[in-house]
Participant: 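Supplied in structure tokens, the structure appears directly below.
Every chain is numbered from 1, with letters handed out A, B, ... down the list of sequences. Below, each value reflects all heavy atoms present in this structure, side chains not excepted, and no hydrogens, waters or symmetry copies.
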Amino acid sequence: MIELTTNPIDPQALLARVSSPAAGAVLLFLGTVREMTGDRQTTRLEYEAYEPMAGKKLAELVAEARSRWPLVGCAVMHRLGSLELGEVSVAVAVSCPHRAEAFEAGRWLIDTIKQVVPIWKKEVWSDGQTDWVHPGLDAPRSTSGREPH
Amino acid sequence: MIELTTNPIDPQALLARVSSPAAGAVLLFLGTVREMTGDRQTTRLEYEAYEPMAGKKLAELVAEARSRWPLVGCAVMHRLGSLELGEVSVAVAVSCPHRAEAFEAGRWLIDTIKQVVPIWKKEVWSDGQTDWVHPGLDAPRSTSGREPH
Amino acid sequence: MIVRCRLFAAARDLAGHSEVELAMAEPATIGDLRKQLAAAFPALAPLVPHLMFAIASDYVTDRTPIPPEAEIAGIPPVSGG
Amino acid sequence: MIVRCRLFAAARDLAGHSEVELAMAEPATIGDLRKQLAAAFPALAPLVPHLMFAIASDYVTDRTPIPPEAEIAGIPPVSGG
């Protein structure tokens, strides 16, 4: 189960997908929209993807995780569009016979998703400024000045 | 939220408890009843606890986790009584500002719960034999011979 | 004094009781209790070296003295989770 | 040849287009595209050294030749999750 969606992510759906009597351990990671970054306040986040490539890369990462760990089930969803505070932006669920594998595979998946899958978030700050988040660039790219949108 | 319960564990309840706009990462671990251990088949597991001490130790572990990691929310539930295949025996949910902390705290909690909280499981095998699980003992203690119960 | 000790899981099944009573000379330690448990319940004896003990829901060592009316538990290796 | 390149996030906003077209001499590499993008879109230039490129949804390097009709994307540092 790999999905890019503009609808809210239901963690229960991912858990149902990976649950199995063959598994003794289920690990679910959720990325959620945090309000404060340092002393700046976020109003919402906007996610966009290069969708065909994002879907392909997610499928490749799930296949690689399956080759490296004894995954019983694996489900990844990423939200796109506009997200309110507290909403789930990304969900990774894995199930394995034992817990060490589940923690390792889950951690590797979310870390690698954040490194290679072409998805971007834009911070919409409470003062109306917006910044695309591009890790490694010196300064955030303010692309709309002070106009709220 | 710390609970020992004979009722089925609802993962959604733990997620709801730890979700917060102060968190950017939520980690949920579920221990589930696995059917096969090597080539032996489990029919069900029976969990018992020294309840007052188990509750006290769980509270101490949650307090220690809160002192070591910046937990926004933390919820732990452990099921007692008879569990069918695939059911959730233990659930640990944490939320943190960032994911590294969530993975570390969740892993430490489940590892430490399994080491120090006075809860025991009994394997009820498909051949009717039963074994208390006592890690580190040379042989499983068969306490009821071949009588199914 | 009379010392009561709760037992769990395989320890309870092997002893045949979820709580046992032992008459002990004072002063007594957890180490003394460990020895007397093995002597009084031969079926439990092989498990006794592997028991942890708790007083009032805290783990204690063999050197811990047993206070009067202590709420003692014999804890075989745990397997929750 | 005419090379089309999709742009995303800050790269799109700085270029002012979600897809740009460049006339390039053949044979051309991704490295050539990188240079021409910076020259053609001065506002994008500071970001160009940080772009990755993909052809048909796979990451490629500056030495990769650009085939005809390639589905090319310029990918600024990603921030999903």
Participant: Check step by step if side-chain contact (heavy atoms from CB on, under 4.5 Å) holds for C:Glu19 and C:Cys5.
Facilitator: CA-CA 6 Å; C:Glu19 187 171 69; C:Cys5 179; over 6 Å; no
Participant: Hey, could you give me each pair passing ring pair (Phe, Tyr, Trp, His ring centres under 6.0 Å) that has a residue in residues 48-72 of chain B? Not counting sequence neighbours.
Facilitator: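 For residues 48-72 of chain B, and leaving out neighbouring residues, the ring pair (Phe, Tyr, Trp, His ring centres under 6.0 Å) pairs sorted by first residue read B:Tyr50-C:Phe8, B:Trp69-B:Trp108.
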Participant: Chain B contacts: which residues in residues 66-81 of chain C have a non-hydrogen atom closer than 4.5 Å to it?
Facilitator: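 Within residues 66-81 of chain C, near chain B: C:Glu71, C:Ala73, C:Ile75, C:Pro76, C:Pro77, C:Val78, C:Ser79, C:Gly80, C:Gly81.
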Participant: Could you tell me the separation between the OG atom of B:Ser89 and the CG atom of B:Leu83, rounded to the nearest 0.5 Å?
Facilitator: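 Reported value, rounded in 0.5 Å steps: 6.5 Å.
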Participant: Please examine the side chains of B:Lys57 and C:Asp58, heavy atoms only from C-beta on, and report whether any two atoms are closer than 4.5 Å.
Facilitator: yes
Participant: Measure the shortest side-chain to side-chain distance between B:Glu104 and B:Leu109 over non-hydrogen atoms and say whether it is less than 4.5 angstrom.
Facilitator: no
Participant: Can you list the residues of residues 25-37 of chain C that sit under 4.5 Å from chain B, counting heavy atoms only?
Facilitator: none
Participant: With a 4.0 Å cut-off on N to O distance, would you call B:Glu84 and B:Arg44 a salt bridge?
Facilitator: no
Participant: Would you mind telling me which of B:Met53, B:Lys114, B:Lys56 has the largest number of heavy-atom pairs within less than 4.5 Å of chain C?
Facilitator: B:Met53
Participant: Would you check, one step at a time, whether the test side-chain contact (heavy atoms from CB on, under 4.5 Å) holds for B:Val133 with B:Trp120?
Facilitator: CA-CA 7 Å; B:Val133 180; B:Trp120 301 269; over 6 Å; no
Participant: Using the side-chain contact (heavy atoms from CB on, under 4.5 Å) rule, take B:Ile119 and B:His78 through it: C-alpha gap first, then chi angles, then the decisive distance, then the call.
Facilitator: CA-CA 9 Å; B:Ile119 300 177; B:His78 203 297; 3.6 Å; yes
Participant: Determine, stepwise, if the pair B:Glu64 / B:Thr112 fulfils side-chain contact (heavy atoms from CB on, under 4.5 Å).
Facilitator: CA-CA 11 Å; B:Glu64 184 173 347; B:Thr112 313; over 6 Å; no
Participant: Give the member of B:Leu45, B:Val116, B:Val92 that has the highest number of heavy-atom pairs under 4.5 Å with chain C.
Facilitator: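 Highest number of heavy-atom pairs under 4.5 Å: B:Val116.
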Participant: Any salt bridge between B:Glu123 and B:Lys121, counting N to O under 4.0 Å?
Facilitator: no
Participant: Among B:Leu30, B:Val117, B:Leu80, which residue has the highest count of heavy-atom pairs closer than 4.5 Å to chain C?
Facilitator: B:Val117
Participant: Which atoms of B:Ala91 are under 4.5 Å from chain C, going by heavy atoms: the side chain, the backbone, both sets, or neither?
Facilitator: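 Neither part.
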Participant: Checking heavy atoms, do the side chain of B:Gln115, its backbone, both or neither come under 4.5 Å from chain C?
Facilitator: backbone
Participant: I'd like to check the side chain to side chain contact (heavy atoms under 4.5 Å, CB included) partners of B:Pro8; sequence neighbours left out, ordered by chain and number.
Facilitator: B:Arg79, B:Glu87
Participant: What option among B:Pro52, B:Gly31, B:Ala54, B:Pro135 has the most heavy-atom pairs under 4.5 Å with chain C?
Facilitator: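 Ranked by heavy-atom pairs under 4.5 Å with chain C, first place is B:Pro135.
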Participant: Please confirm whether the backbone N or O of B:Val18 pairs with a side-chain atom of B:Ser95, one donor and one acceptor, at under 3.5 Å?
Facilitator: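 Flag set: sc B:Ser95 to bb B:Val18 pair under 3.5 Å.
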